A.B. asks: 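Can you read through this structure? Questions will come right after.
Note that the structure is predicted; figures quoted are calculated from it, not measured. Letters A, B, ... are given to chains in the order of the sequence lines, protein chains preceding strands, and every chain is numbered from 1.
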Amino acid sequence: MTIDSWQARIKAGAARCARLGIRGSGSKAFCAPPLSHDVIDTRDHRGIVTYEPEELVIVVRCGTPLAEVESAMAGEGQMLAFEPPHFGPGATIGGAVAAGLSGPRRPYTGALRDFVLGAKLIDGKGDLLAFGGRVMKNVAGFDVSRLLAGSFGTLGIITEVAFKCLPRPQQEQTRVLELDADAAIAMMNRCYAQAMPITASTWVGGMLHLRFGGADPAVRAAVGRVGGEVLANASEWWADWREQRHPFFSPEVNGLPLQRVACRASAPFADLAQGHAHQAIEWGGALRWLRAPLVTQVMIAQWARHAGGHAHVVRGAPSRAEAFTAIPAPLVAIAQRLKQSFDPYAVFPSL
Amino acid sequence: MAPSTFLDALVRLLPVAAVKTTVEEMRPFECDGLSMYRALPMCVALPESEAQVAAVLALCHAHRVPVVPRGAGTGLSGGALPDARALLLSTARLTRIHGIDRDACTARVDPGVRNLAISAAAAVHDLYYAPDPSSQIACTIGGNVAENSGGVHCLKYGLTVHNVRKLRVALMTGEIVEIGTESLDGTTPGGYDLLALMVGSEGLLGIVTEVTVKLTPRPALAQVAMASFPSTEAAGAAVGAILAAGIIPAGLEMMDRIATAAVEDFVHAGYDLDAEAILLCESDGTTEEVADEMKRIAEILRRGGATDIRVSRNEEERLRYWSGRKNAFPATGRISPDYYCMDGTIPRRELPRVLGEIQRLSRHYGLRCANVFHAGDGNLHPLIMFDANVAGETERAEAFGAEILELCVEVGGTITGEHGVGIEKIDQMCVQFSPRELTRMHEIKRAFDPAELLNPGKAVPTLHRCAEFGRMRVGLGRPLPFPDLERY
């Protein structure tokens with residue numbers, strides 16, 4: 001039994017103050033805390049435990065490839081509606097939850113953590129715990145399973161996760177419009193506020209890409225309203241965007257670090273990266289990507305705070321410090337006590 | 001510490017009218033929506049600003065006085081039940097709407113703003129706040145955050161946790177922290193998702209002093225289909241068929257025959273009294289979306305064996321069809337002196353088994369029970385009817401309810417879908433969670449509130465309490481929930 005052996009390894013590790021890392025395929029290592037050489041490979045525990053399309057619930061073991069889960073769900077006309085980025089062919093479901101990342105559909109259907117119904121984990125004491133469940137509505141006890149989303153393996157091994165599934169839209173179509181940044185933000189805001197069946201929005205290279213999805217007549221009506229050109233190969237385009245394979249993300253473009261800025265969706269465009277070519281906007285305006293030198297980071301972080309969010313360097317950071325945002329002392333204390341509770345012997349890495 | 005020293009300090013912090021200490025003044029606060037539990041607090045504080053909330057908490061912290069938070073007091077699980085040793089802190093007087101960002105579709109409001117008042121303020125922009133607990137006319141957003149409230153539209157639009165972006169929270173020490181952001185990230189890089197812990201924490205972790213909520217664009221059109229079924233099994237299967245067909249209705253509700261009869265007599269919504277189950281299925285969106293979806297829904301209902309299907313032709317008719325469901329609780333109150341509302345969630349396929357078992361228990365306890373069901377998300381509200389003036393009936397109703405909750409856990413569900421644990425379901429927490437999981441929850445509480453002064457004794461039972469409860473349950477021939485604990 002994988003679970004038993006992992007529990008034994010953690011208990012042994014805790015007893016001799018050893019360090020253990022948790023790793024799936026390693027596809028998101030670039031944004032995770034560095035691991036010790038002693039690593040638990042979550043891919044030893046894989047497979048779909050149950051999938052009940054009629055209940056809108058899928059329960060998956062941590063080491064299951066994301067691609068396998070997505071393909072099983074596609075077979076039933078359903079999807080993980082947070083459209084998680086893979087960042088590698090072997091990406092696992094456990095890694096997706098630990099990283100807590102959501103893709104282009106996020107503003108319109110929700111974030112990864114919004115779809116987590118329950119989780120099991122082995123904590124730093126080697127205890128197997130279960131929180132949440134397999135039902136849509138559950139307010140018994142603290143919502144620990146959602147806390148695990150984005151915890152990057154610092155609280156324990158997420159061994160199993162239950163997700164809420166959603167149906168795939170019957171029909172999707174992407175329209176491309178040439179617009180400046182301010183007009184693009186206004187258009188993105190409007191598409192959402194006017195209840196259009198929008199499922200993704202990205203402005204890059206001076207072009208606004210709007211993806212609409214739903215019942216055929218609804219999509220037809222929406223694209224009729226916004227106009228623009230039909231994007232051919234739209235699903236490849238969105239997959240490339242989500243996976244950061246689009247040329248905007250290419251390190252060769254200008255050799256500058258990639259900074260991620262989360263802000264209020266209505267925040268006006270700010271030329272933070274000096275040049276429209278070095279900024280992209282998605283998530284209905286709530287996410288701005290910048291290719292900008294490190295020296296601008298303080299200024300950018302300040303702008304982000306003012307715009308109700310935060311900024312950090314995602315790729316090309318010289319150290320972990322740039323990958324973080326300053327957190328106020330009382331919240332740091334809370335986080336430390338949480339960490340202490342889940343992992344009292346510091347077997348796992350820290351955030 | 002003599003209480004008078006504490007009270008002297010308290011009255012210096014707050015306006016005269018914001019402190020209540022006499023029995024007459026405190027009487028209105030003695031219970032929340034779960035009125036079978038009542039107690040008077042040591043005193044009541046009604047701060048009018050975040051600074052006053054923080055000052056009261058800091059004072060209580062310094063004097064080690066426990067604090068029981070309260071919003072509008074509409075909660076159904078006794079989460080705001082006072083404690084004679086504790087100050088009752090009401091956020092009902094913090095009622096400012098700070099602003100609505102119609103482009104970002106968010107509203108920033110005080111915790112004492114009523115759920116429906118947010119939608120009213122956003123209506124000029126054709127926006128609304130989606131979670132709609134049945135108490136929405138009275139309940140406050142602060143209380144919604146504490147309970148992670150749902151409503152009849154949450155299958156499509158989510159619970160409170162899906163509709164809150166950011167909180168300002170006063171910790172027990174009086175420190176103010178911001179949790180979440182105005183962006184779409186719940187967490188800041190390098191931090192944990194504390195917003196997920198705060199929502200639904202039943203006042204155990206901090207007091208919410210400001211909430212930034214997501215607003216939803218008002219759909220152009222909403223229509224509801226009302227279908228009659230000859231059995232609850234057939235109605236349940238039709239629900240599954242709708243979801244499996246790729247439709248997420250805006251609302252999907254079921255009522256059994258007892259509930260239908262009670263509400264029809266009350267609101268005259270035109271319900272089919274011969275049906276064993278009534279299903280209400282709402283579609284919303286653009287005119288094109290609704291037309292397309294309604295056609296598919298009606299076809300699925302017909303194939304699923306519906307004996308009668310009526311689709312609302314106008315807004316008035318839609319509201320009339322809904323009026324019955326929305327008045328199920330008061331309608332039950334009309335046909336029985338008292339009723340006790342349960343709140344378990346089950347995997348939907350277990351519905352026939354659970355309803356069958358509820359019928360058996362109903363005969364066993366000699367108490368009638370109507371069932372209303374948020375069918376789309378499996379959240380069941382059995383309404384147990386009893387008369388508190390008849391000796392022993394209250395106890396029987398409670399025992400009946402407890403058995404229903406434990407049944408929900410047994411079939412893979414949960415003891416509470418949207419009403420919270422509070423004081424009411426605290427013993428059933430021992431059935432749903434292991435001692436280690438409960439211990440972890442106590443540690444999470446201490447991570448926010450090391451002195452354990454916020455809403456003590458609610459939501460998460462002590463292992464001691466579980467041990468006593470476990471011994472109590474032995475007589476019913478159930479497995480001992482905590483065989484490895486000492487018994488006394």
Side-chain angles (χ1 to χ4, degrees), chain A residues 53-56 77 106-107 110-111 113-114 127 129-131 133-143 146-147 149-151 166-167 170 189 192-195 197 214-215 217-218 221 262-266 283 286-287 308-310 312 323-325 327-328 330-331 334-335 337-338 341 351, chain B residues 101-105 148 150 162 171 175 177 181-194 196-197 200-201 217 219 240 243-244 246 248 285-286 288-289 292-293 345 347-349 377-379 412-418 420-421 429 432-433 436-437 440-441 443-444 447-448 460:
Chain A
E54 290 200 5
E55 299 275 341
L56 304 178
R106 192 271 171 256
R113 69 93 129 137
D114 293 334
D127 290 335
L129 308 171
F131 296 98
R134 298 176 180 192
V135 288
M136 297 293 145
K137 278 164 100 178
N138 186 353
V139 294
F142 299 126
D143 202 342
R146 291 190 216 277
L147 171 73
S151 65
L166 281 187
Q170 287 171 28
N189 288 171
Y192 179 78
Q194 295 183 353
C263 62
R264 186 180 308 128
S266 57
W283 282 11
L287 186 56
H310 51 251
H312 72 292
F324 286 158
T325 302
I327 295 173
L331 294 181
I334 290 171
R337 288 192 287 261
L338 288 174
S341 159
L351 266 182
Chain B
D101 182 336
R102 62 165 200 196
D103 296 318
C105 297
N148 191 13
H162 303 110
L171 300 175
E175 291 165 294
V177 292
T181 76
E182 290 173 57
S183 74
L184 296 176
D185 286 0
T187 352
T188 33
Y192 292 119
D193 195 338
L194 303 183
L197 285 181
S201 59
L243 298 175
I248 302 292
T286 64
E288 300 88 0
E289 280 175 305
D292 177 80
E293 199 166 88
T345 305
R348 200 174 357 79
R349 67 180 133 68
D377 43 34
N379 188 194
T414 175
I415 57 170
T416 174
E418 56 182 1
V421 174
M429 284 290 282
Q432 188 162 337
F433 293 99
R436 283 193 175 115
E437 289 151 1
R440 187 56 41 87
M441 289 185 204
E443 289 170 3
I444 290 170
F448 284 77
V460 186

A.B. asks: Roughly how far apart are Leu194(B) CG and Leu147(A) CG, rounded to 0.5 Å?
C.D. replies: 7.0 Å
A.B. asks: If only atom types and distance count, is the side chain of Glu418(B) paired as donor or acceptor with the main-chain N or O of Lys137(A) below 3.5 Å?
C.D. replies: no
A.B. asks: Contact part of Ser201(B) toward chain A, heavy-atom cut-off under 4.5 Å: side chain, backbone, both or neither?
C.D. replies: both
A.B. asks: Quick one: of Cys263(A), Gly133(A), Pro53(A), Ala265(A), who has the most non-hydrogen atom pairs under 4.5 Å with chain B?
C.D. replies: Cys263(A)
A.B. asks: For the backbone of Ala140(A) and the side chain of Gln432(B), can you confirm whether one donor and one acceptor N or O come within less than 3.5 Å of each other?
C.D. replies: no
A.B. asks: When rounded to the nearest 0.5 angstrom, what distance separates CG in Leu56(A) from CD1 in Ile248(B)?
C.D. replies: 4.5 Å
A.B. asks: So what's closer than 4.5 Å to chain B heavy atoms on Leu287(A): side chain, backbone, both or neither?
C.D. replies: neither
A.B. asks: Can you tell me how far CD of Glu55(A) sits from CZ of Arg134(A), rounded to the nearest 0.5 angstrom?
C.D. replies: 11.0 Å
A.B. asks: Please rank Gly308(A), Gly141(A), Gly110(A), Pro197(A) by heavy-atom pairs under 4.5 Å with chain B and give me the top one.
C.D. replies: Gly308(A)
A.B. asks: Just give me the residue among Leu243(B), Thr181(B), Thr416(B) that pairs up with chain A most often, heavy atom to heavy atom, under 4.5 Å.
C.D. replies: Thr416(B)
A.B. asks: Please look at Ile334(A) and chain B and tell me whether the side chain, the backbone, both or neither of the residue comes under 4.5 angstrom of a heavy atom of that chain.
C.D. replies: both
A.B. asks: Between Asn379(B), Leu197(B), Val421(B), Val177(B), which shows the greatest number of heavy-atom pairs under 4.5 Å with chain A?
C.D. replies: Leu197(B)
A.B. asks: With a 4.5 angstrom heavy-atom cut-off, could you sort out which part of Pro328(A) is near chain B: side chain, backbone, both or neither?
C.D. replies: neither
A.B. asks: If I measure from the heavy atoms of chain A, does Leu184(B) come under 4.5 Å with its side chain, its backbone, both, or neither?
C.D. replies: both
A.B. asks: What distance do Arg348(B) atom CZ and Asp377(B) atom CG have between them, rounded to the nearest 0.5 Å?
C.D. replies: 9.0 Å
A.B. asks: Give, as side chain, backbone, both or neither, the part of Asn148(B) having an atom under 4.5 angstrom from any heavy atom of chain A.
C.D. replies: both
A.B. asks: Measure from the side-chain N and O atoms of Glu437(B) to the backbone N and O of Ala130(A), and report whether any donor-acceptor pair falls under 3.5 Å.
C.D. replies: yes
A.B. asks: Roughly how far, to the nearest 0.5 Å, is CZ of Phe433(B) from CZ of Phe131(A)?
C.D. replies: 7.0 Å
A.B. asks: To the nearest 0.5 Å, how far apart are OH in Tyr192(B) and CG in Leu331(A)?
C.D. replies: 13.0 Å
A.B. asks: For the candidates Gly191(B), Pro219(B), Gly413(B), Gly378(B), which exhibits the highest count of non-hydrogen atom pairs separated by less than 4.5 Å from chain A?
C.D. replies: Gly191(B)
A.B. asks: So which residue, Thr286(B), Thr187(B), Ile444(B), ends up with the most heavy-atom pairs under 4.5 Å with chain A?
C.D. replies: Ile444(B)
A.B. asks: Ignoring hydrogens and geometry beyond distance, is a side-chain donor-acceptor pair present between Asp103(B) and Ser266(A) at under 3.5 Å?
C.D. replies: no
A.B. asks: Top residue by heavy-atom pair count (under 4.5 Å) with chain A, among Gly200(B), Ala244(B), Gly240(B), Gly412(B)?
C.D. replies: Gly240(B)
A.B. asks: Between Ala193(A), Gly150(A), Ala149(A), which has the largest tally of heavy atom pairs under 4.5 Å with chain B?
C.D. replies: Ala193(A)
A.B. asks: Mind ranking Ala195(A), Ala111(A), Ala215(A), Gly77(A) by heavy-atom pairs under 4.5 Å with chain B and telling me who comes out on top?
C.D. replies: Ala195(A)
A.B. asks: Taking Ala286(A), Ala221(A), Pro217(A) one by one, which has the highest count of heavy-atom pairs under 4.5 Å against chain B?
C.D. replies: Pro217(A)
A.B. asks: Shorter than 4.5 Å, heavy atoms on both sides: which option in Arg440(B), His162(B), Glu175(B) has the most such pairs with chain A?
C.D. replies: Arg440(B)
A.B. asks: For Ala218(A) and Glu288(B), work out which heavy atoms get closest and say how close.
C.D. replies: N-CB, 4.0 Å
A.B. asks: Quick check on Ala323(A) against chain B: is it the side chain, the backbone, both or neither that has a heavy atom closer than 4.5 Å?
C.D. replies: backbone
A.B. asks: Verify, without hydrogens or angle tests, whether Asp292(B) (side chain) and Glu289(B) (backbone) share a donor-acceptor contact under 3.5 angstrom.
C.D. replies: no
A.B. asks: Let me know if Ala262(A) has heavy atoms under 4.5 Å from chain B in its side chain, its backbone, both or neither.
C.D. replies: both
A.B. asks: Which answer fits Arg113(A), side chain, backbone, both or neither, if we ask what part of it has an atom under 4.5 Å from a heavy atom of chain B?
C.D. replies: side chain
